[in-house]
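This report refers to the structure that appears directly beneath it.
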Amino acid sequence: MSSHSSMMDNSDSDESPFQILPVEVFLHICSFLDTRFLLKTLRLVCTRFNTILSDESVWKLRIARLISVNPCTQSAIDKLSDYFSWKELSYHIDYQRYLWGKNGANMRRIKWQDIHYSSVDCVKLIKGGTLCLSGSRDRAIGVWNVEDESPAPLILSTSAHDGWVWNFAVQSDEQFYSASWDHSVKQWNLNVTLDEVARFPVKTAALCVDCREDLIVAGTYSPQVVLFDPRAGPTPLKQYTSHRQSVIAVCLVDNYIVSSSSDQTVSVYDLRTDSVIFQNIMRKRNRGNFGKSLSHKYNLLYVGDNVGNLHVFDSKDGSFSHIQTAHIENVNVIDTDVDQTPPGHATNQVSSIWHGPGCVIVGSTNKYVRVLTATLPHMLIAHLPYSGEVTSVDYNNCTLAVGTTDNTVEVWKPKNPES
């Protein structure tokens with residue numbers, strides 16, 4: 001009877017095993033579970049779980065255990081943590097690893113080929129990744145509906161330019177700029193139709209462009225960096241020369257313009273002082289190579305060069321101090337089921353970069369797109385083979401767009417999108 005009473009007393013108790021489980025044991029169990037499950041399910045089981053999983057130090061430790069923490073890693077993660085909580089960073093890193101694990105097993109691949117009859121040299125995703133812009137050497141600009149996956153573009157402007165369409169810069173979901181070898185940058189409005197708003201002439205081929213609301217920056221073959229105010233018409237506000245050869249990439253970074261050239265320099269121009277403050281931030285690490293592509297977000301500037309290196313700089317307060325340089329093939333894999341690039345594939349140019357809180361995506365001319373962790377040192381999540389050289393990549397709302405030299409636009413999007 002006493003035994004039975006004891007059992008009844010235990011069953012009536014409000015204390016569950018979850019309430020007495022040591023925090024260390026609970027966190028060890030959590031280390032085997034996906035961040036999405038922890039946040040969307042386990043955290044909601046009870047107040048105690050919610051309290052533990054709301055502690056930012058738990059998520060910081062989780063990220064530290066995922067990677068081998070070294071000074072480079074800490075520096076890069078700290079930059080991202082200025083913009084995201086540790087919980088958000090852990091979520092982004094785990095979710096990108098889920099999407100791109102096993103070389104994109106949870107992504108659906110959509111291929112549009114032979115609409116453009118020449119190399120597709122630039123792609124951009126707008127409207128939350130639901131529309132894709134493509135620019136080609138056939139002088140056309142295409143607009144593609146990613147949602148319905150139609151084999152034909154929504155819009156194909158076959159005479160958008162009189163020369164190769166080489167680069168895009170997006171101002172908003174309805175407005176963007178295109179740079180072309182026809183010596184111009186054009187402003188476009190996209191509604192039901194694609195309408196040319198303005199043309200900004202430059203002296204030689206426009207090889208790159210970036211923008212913000214009150215400023216357009218173009219890099220040219222001549223080599224010059226040319227500045228326009230879209231509200232003031234086609235006359236340049238200013239043009240300056242900080243390179244000896246073609247300007248092949250430009251990037252607006254707060255009050256600065258970063259430009260990269262085939263003369264093996266990456267310079268930084270201060271808009272406030274109207275002067276070049278760094279003639280070459282790659283001075284001690286270029287060794288004959290030059291920057292081909294630029295990407296800037298969250299105080300991190302990525303420079304991809306013509307021999308397969310990724311150079312990472314801290315742009316906070318205009319310092320542009322070097323954090324790390326690493327070759328994209330000399331990275332460890334994050335999962336054992338990801339193969340490295342097959343032997344015999346020599347990396348040429350890092351043609352395009354996108355980086356965010358969960359991953360870094362790199363396109364290169366050895367016909368691969370690589371998905372890397374956003375941590376430093378990088379780890380390989382996936383490498384995606386292509387039949388043509390990869391010219392351009394863009395990533396928006398977990399949708400990836402890729403342009404290639406075999407006249408193809410490809411889009412990858414989640415098979416089961418997060419709600």
Side-chain angles (χ1 to χ4, degrees), residues 1-102 105-107 128 297-300 332-338 356-360 371-379 381 397-398 414-419:
M1 182 71 178
S2 60
S3 174
H4 178 71
S5 297
S6 175
M7 291 174 63
M8 290 295 292
D9 290 343
N10 287 338
S11 66
D12 290 341
S13 172
D14 289 336
E15 189 173 54
S16 75
F18 294 137
Q19 299 297 329
I20 60 174
L21 188 68
V23 173
E24 294 81 2
V25 175
F26 174 72
L27 291 178
H28 181 68
I29 294 170
C30 289
S31 69
F32 297 96
L33 302 174
D34 182 81
T35 299
R36 294 172 302 140
F37 175 77
L38 297 181
L39 293 176
K40 295 190 173 186
T41 304
L42 193 60
R43 184 174 62 88
L44 307 179
V45 168
C46 62
T47 302
R48 184 168 184 255
F49 284 7
N50 183 58
T51 301
I52 295 171
L53 294 175
S54 296
D55 186 343
E56 282 288 278
S57 64
V58 167
W59 300 102
K60 188 172 183 178
L61 181 61
R62 183 180 175 91
I63 292 175
R65 285 175 174 169
L66 174 67
I67 55 181
S68 56
V69 176
N70 61 29
C72 289
T73 300
Q74 196 59 47
S75 176
I77 291 296
D78 283 348
K79 302 306 170 199
L80 292 173
S81 68
D82 290 341
Y83 295 86
F84 301 92
S85 70
W86 292 103
K87 180 166 58 179
E88 290 172 325
L89 283 173
S90 184
Y91 175 85
H92 285 301
I93 290 169
D94 268 13
Y95 188 47
Q96 296 306 316
R97 186 177 174 182
Y98 160 78
L99 288 177
W100 294 106
K102 299 180 181 178
N106 290 304
M107 301 290 282
K297 293 184 194 73
Y298 317 123
N299 286 332
L300 291 173
N332 294 322
V333 296
I334 195 167
D335 294 310
T336 56
D337 56 4
V338 178
C359 65
V360 177
V371 183
L372 310 172
T373 60
T375 59
L376 296 177
H378 297 299
M379 289 183 284
I381 303 174
N397 197 26
C398 296
K415 292 178 179 177
N416 300 296
E418 287 278 87
S419 58

Report the C-alpha distance between Leu372 and Cys359 in whole Å, list the side-chain angles of each, state the deciding distance to 0.1 Å, and finish with yes or no for side chain to side chain contact (heavy atoms under 4.5 Å, CB included). CA-CA 6 Å; Leu372 310 172; Cys359 65; over 6 Å; no
Shortest non-hydrogen separation from [X] to [Y] and the atoms involved:
X      : Y      : result
Thr373 : His378 : O-ND1, 2.9 Å
Gly356 : Ala374 : O-CB, 3.4 Å
Met107 : Lys415 : O-CE, 3.2 Å
Tyr298 : Pro357 : CE1-CD, 3.9 Å
Cys398 : Gln96  : SG-NE2, 3.5 Å
Ile381 : Gly101 : CG2-N, 4.0 Å

Separation between [atom1] of [X] and [atom2] of [Y], rounded to the nearest 0.5 Å:
X     : Y      : atom1 : atom2 : answer
Ile93 : Ile63  : CD1   : CD1   : 4.5 Å
Leu38 : Lys87  : CG    : NZ    : 11.0 Å
Leu61 : Ser31  : CG    : OG    : 9.5 Å
Tyr95 : Trp100 : OH    : CH2   : 11.0 Å
Ser54 : Arg43  : OG    : CZ    : 6.0 Å

How far apart are the C-alpha atoms of Glu24 and Ile29, what are their side-chain angles, what is the distance that settles it, and do they pass the side chain to side chain contact (heavy atoms under 4.5 Å, CB included) test? CA-CA 9 Å; Glu24 294 81 2; Ile29 294 170; over 6 Å; no
Test of ring centre spacing under 6.0 Å for Phe84 and Tyr91: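 Ring centroids of Phe84 and Tyr91 are no less than 6.0 Å from each other.
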Please check: side-chain N/O of [X] versus main-chain N/O of [Y], any donor-acceptor pairing under 3.5 Å?
X      : Y      : value
Asp94  : Arg36  : no
Asn397 : Gly128 : yes
Trp59  : Leu53  : yes
Thr51  : Thr47  : yes

Got a salt bridge between Asp34 and Arg97, using NZ or NE/NH1/NH2 to carboxylate O under 4.0 Å?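 Judged by the 4.0 Å cut-off on N to carboxylate O distance, Asp34 and Arg97 do not form a salt bridge.
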Which salt bridge (charged side-chain N to carboxylate O under 4.0 Å, His left out) pairs, counting each pair once, include a residue from residues 44-59, with sequence neighbours left out?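 Output for this query is empty, none listed.
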